[in-house]
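Protein chains get the first letters and strands the later ones, always in sequence-line order, with residue 1 at the start of each.
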Amino acid sequence: MSKKPFYITTTLPYVNSDPHVGFAMEIIRADVIARHRALTGHEVFFNTGTDEHGVKIYQKAFGEGENTQKFVDRYVEKFKNLKDILGLSQDIHFIRTTDPHHISAAQEFWRRCDKAGYIYKKNYKTKYCTGCELEKTDTELENGRCIIHPTLDLLIIEEENYFFRFSLFGKRLLDLYEKTPDFVVPNSRLNEIRAFVERGLEDFSISRLASKMPWGIAVPNDADHVMYVWFDALVNYISTLGWPNDTANFEKFWANGTPVQYCGKDNLRQQAAMWQAMLMAVGLPNSRHVVIDGFITGEGGLKMSKTLGNTVEPIDVVKEYDTDALRYFVCRELSPFEDGAFSLEKFKEAYNANLANGLGNLASRTLKMVADNTVTIDWKSVEDISNAVYSSALESFNIKAACDEIWKLIQQTDKLIQDGQPFKVVKTDPEKGKEMIQALGKNLYIIARMLEPVLPSTAETIKKLIKEGKTPESPLFMRK
RNA sequence: CGCGGGGUAGAGCAACGGUAGCUCGUCAGGCUCAUAACCUGAAGAUUGCCGGUUCGAUUCCGGCCCCCGCAACCA
């Protein structure tokens, strides 16, 4: 039986700082979807990587007196380490925008865009603060002045940039949203991007002067310019597949697959509009789904910030609680599409209630009865998951709803034990008692099967214990 | 009239035109297989404010107040 191709990617985090919990959430969720697809007969191509060009990285490396390439090489390792820290799929693809293949792919993409007539040159005005010696964007200004140097006037600098004719794609983008209403998930974000496109699009700049900022991919046939990092970075979604050279993988996973892109809500425009217009410009098929995550906020729903001291480092959480606990929190305790608050207090509460007391305790009590009464669990009979709510939730990227379904079964099984009291029955009517325990064991196996995409290592442990008829040597999740 | 999200029990969330549910916490009872875990029950909400539509609105419409994020060349 040939497997259906399935492609999923995260955005590429920018490597100017350590991986933060928001990206951890994004990639864990993408991993859950990827694992679910792999478990349901798909051949999965799961992409992530690092975005390594641009002025911020150039400046930061410069500021630290380090060679830019060495600087990014060093940071990339931190992102590659996420694979183990977060328990990601072993076969995840990791692309760097400094990979030679990606560089040539981005240049080819540019050429095709240019050839199709969607790139042109024009003057571009920037605001420059002589205090910071930096160009400023409007968001970095207050009352038309630099926040750090409010007494200085800003210099207006004019330079030539290449622009992408984004303005020509409004109609086609709206058609795309119209034709595929689940193109952007959730629906509220589709409305948002539609409203944005309806308001009218402006062409955007896609290059920078190499004399000012050399850390970028060279623009074909113009040594004076490098690509603006957005243009370069977005191409990774297809360069990772080998495009334009390896068309086999591209055809299979992108053109004939259903490419899914996960991203944070700050990336809505880039992923759901700009990138889609770029694809249209070169005549390539659009993505199939763009799934938008909310932000993780700190205590009290406030933006996480170092000064407020409400930041949470994923690696610290994993050190104290383990990978699956973090995966659990991200998948079930945070809203699947809206902002959600992450505090250690909340984390501990959820951990104790649902992993230690809920899942872990149920596994302990069930497995104890199974082992003490030497009951053999007919796990093969429940190998297939036939829970429609669970499956359709995962297919529509509502991981939380899928998890709720698992915890519903955990609760039901706890109640089954309480109501039926098999531990008592087995003493007076062994046959009937064992039958009841057999049913509990099957339930636990179903729970483990459903947990596989979400808590892969815990699921594996439980399945193994059931098959061997053993009890856990130590609690699956120690109470904290 | 820039855009979007939100205001529901002590806290965090869910739901929906027709008795407002869940988790944590609190109180009472039960069970003992289990990680002082598990099960049951109780207390606790005039669903931000005002008006409208309706037999009936928390849910639809209008207005107002408050909170948060974004406002594209910030990668």
* Asked: What distance, rounded to whole Å, do you find between the two C1' atoms, one in G18(B) and one in U47(B)?
  -> 16 Å
* To do: With the side chain of E338(A) defined as its heavy atoms from C-beta on, choose the nearest nucleotide among G5(B), U35(B), C73(B).
  => G5(B)
* Taking the inter-plane angle between the rings of F231(A) and F109(A) on a 0 to 90° scale, is it parallel (under 30°), tilted (30 to 60°) or perpendicular (over 60°)? -> perpendicular
* Structure fact -> Whole-Å distance, Q412(A) CD to C22(B) C1', equals 15 Å
* To do: Could you tell me whether the side-chain ring of F204(A) sits stacked on the base of C73(B), using a centroid cut-off under 5.5 Å and a plane angle under 30°?
  => no
* Nearest whole angstrom, please: distance from the P of C13(B) to the CG of D339(A). => 10 Å
* Asked: Taking the same atom, P, in A45(B) and in C38(B), what whole-Å distance lies between them?
  -> 26 Å
* Would you kindly compare M478(A) and S335(A) by the position of their nearest RNA chain B nucleotide and give the one closer to the 5′ end? => S335(A)
* Identify whether the distance between the nearest side-chain nitrogen and carboxylate oxygen of D404(A) and R332(A) falls below 4.0 Å. => yes
* How far, in whole Å, is C74(B) from G69(B) if one measures between their C1' atoms? -> 15 Å
* **For C64(B), the Watson-Crick or wobble counterpart (both distances under 3.5 Å)** => G48(B)
* Asked: How far, in whole Å, is G12(B) from G6(B) if one measures between their C1' atoms?
  -> 14 Å
* Asked: G25(B) and C13(B): how far apart are their C1' atoms, nearest whole angstrom?
  -> 15 Å
* Asked: Side chain of T68(A), backbone of Y58(A): donor and acceptor closer than 3.5 Å?
  -> no
* Between C74(B) (C1') and K265(A) (NZ): distance, integer Å -> 16 Å
* Select from A363(A) and G340(A) the residue whose nearest nucleotide in RNA chain B is closer to the 5' end of that strand. => G340(A)
* Structure fact -> Taken to the nearest whole Å, CD1/I410(A) to P/A37(B) is 17 Å
* Under 4.0 Å: is that the gap between some side-chain N or O of K424(A) and OP1 or OP2 of U32(B)? -> yes
* Base-pairing assignment for C27(B) (Watson-Crick or G-U wobble, both under 3.5 Å) -> G41(B)
* Selection from C74(B), G2(B), C33(B) that lies nearest to any side-chain heavy atom of R199(A) -> G2(B)
* Tell me what D372(A) touches on the nucleic acid: a base, only sugar-phosphate, or nothing, going by heavy atoms under 4.0 Å. => nothing
* Would you kindly check whether a donor in the side chain of Q418(A) faces an acceptor in the base of G30(B), or vice versa, at under 3.5 angstrom? => yes
* Asked: Is the shortest distance from a Lys or Arg side-chain nitrogen in R208(A) or E159(A) to a carboxylate oxygen in the other one below 4.0 Å?
  -> no
* To do: Name the closest nucleotide to the D419(A) side chain, picking from C39(B), A37(B), G69(B).
  => C39(B)
* **Closest nucleotide among C24(B), C38(B), C33(B) to the A353(A) side chain** => C24(B)
* **Assigned partner base of G69(B), Watson-Crick or wobble definition, under 3.5 Å** => C3(B)
* When you measure from the side chain of F423(A), which nucleotide among G2(B), C73(B), C33(B) comes out closest? -> C33(B)
* C16(B) and C60(B), which share atom name P, separated by this distance in whole Å -> 10 Å
* Asked: Does A15(B) have a Watson-Crick or wobble partner in any strand here, with both distances under 3.5 angstrom, and which is it?
  -> none
* Asked: On a whole-Å scale, what distance lies between the C1' atoms belonging to C27(B) and A43(B)?
  -> 7 Å
* Structure fact -> Closest of A72(B), C74(B), C38(B) to the N357(A) side chain is C38(B)
* Answer with base, sugar-phosphate or nothing: what part of the nucleic acid does L476(A) contact at a heavy-atom distance below 4.0 Å? => base
* Is the closest basic N to carboxylate O distance between E405(A) and K408(A) below 4.0 Å? -> yes
* Asked: Nearest to the side chain of A195(A) - C3(B), A34(B), C39(B)?
  -> C3(B)
* Asked: Please give, in whole Å, the distance from C38(B) P to K408(A) NZ?
  -> 19 Å
* Would you please indicate if the ring centroids of Y351(A) and F329(A) are separated by under 6.0 Å? => no
* Nearest-angstrom distance from the residue atom NZ of K368(A) to C1' of A37(B) -> 15 Å
* Expressed in angstrom and rounded to an integer, what is the separation of I437(A) atom CD1 from A34(B) atom P? -> 12 Å
* To do: Please report the C-alpha distance between R172(A) and F169(A) in whole Å, then the side-chain angles of each, then the deciding distance to 0.1 Å, and finally whether the side chain to side chain contact (heavy atoms under 4.5 Å, CB included) criterion is met.
  => CA-CA 5 Å; R172(A) 290 176 68 184; F169(A) 291 91; 3.8 Å; yes
* Asked: Using a cut-off of 4.0 Å on non-hydrogen atoms, how would the nucleic acid contact of D404(A) be classed: base, sugar-phosphate, or nothing?
  -> nothing
* Considering only atom P, compute the distance from A11(B) to U54(B) and round it to an integer number of Å. => 36 Å
* Just to confirm, is there a sub-4.0 Å distance from OP1 or OP2 of C38(B) to any side-chain nitrogen or oxygen of Q421(A)? -> no
* Asked: Reckon G360(A) touches a base, only the sugar-phosphate, or nothing at all at heavy-atom distances under 4.0 Å?
  -> base
* Structure fact -> Sequence neighbours excluded, the answer for ring pair (Phe, Tyr, Trp, His ring centres under 6.0 Å) partners of H289(A) is F397(A)
* Expressed in angstrom and rounded to an integer, what is the separation of E198(A) atom CD from G2(B) atom P? -> 18 Å
* Describe the nucleic acid contact of K400(A) in one word from base, sugar-phosphate, nothing, applying a heavy-atom distance below 4.0 Å. => nothing
* Which nucleotide in the set G12(B), C38(B), A72(B) lies at the smallest distance from any side-chain heavy atom of D414(A)? -> C38(B)
* Asked: Should R208(A) be listed as having a side-chain N or O under 4.0 Å from OP1 or OP2 of C74(B)?
  -> yes
* Asked: What class does the angle between the rings of Y162(A) and W110(A) fall in, given that below 30° is parallel, 30 to 60° is tilted and above 60° is perpendicular?
  -> perpendicular
* Asked: A356(A) side chain: which of C39(B), U35(B), C3(B) is closest?
  -> U35(B)
* Can you check whether R479(A) has a side-chain N or O nearer than 4.0 Å to OP1 or OP2 of A37(B)? -> yes
* **Listed nucleotide nearest any side-chain atom of K56(A), set C74(B), A34(B), C39(B)** => C74(B)
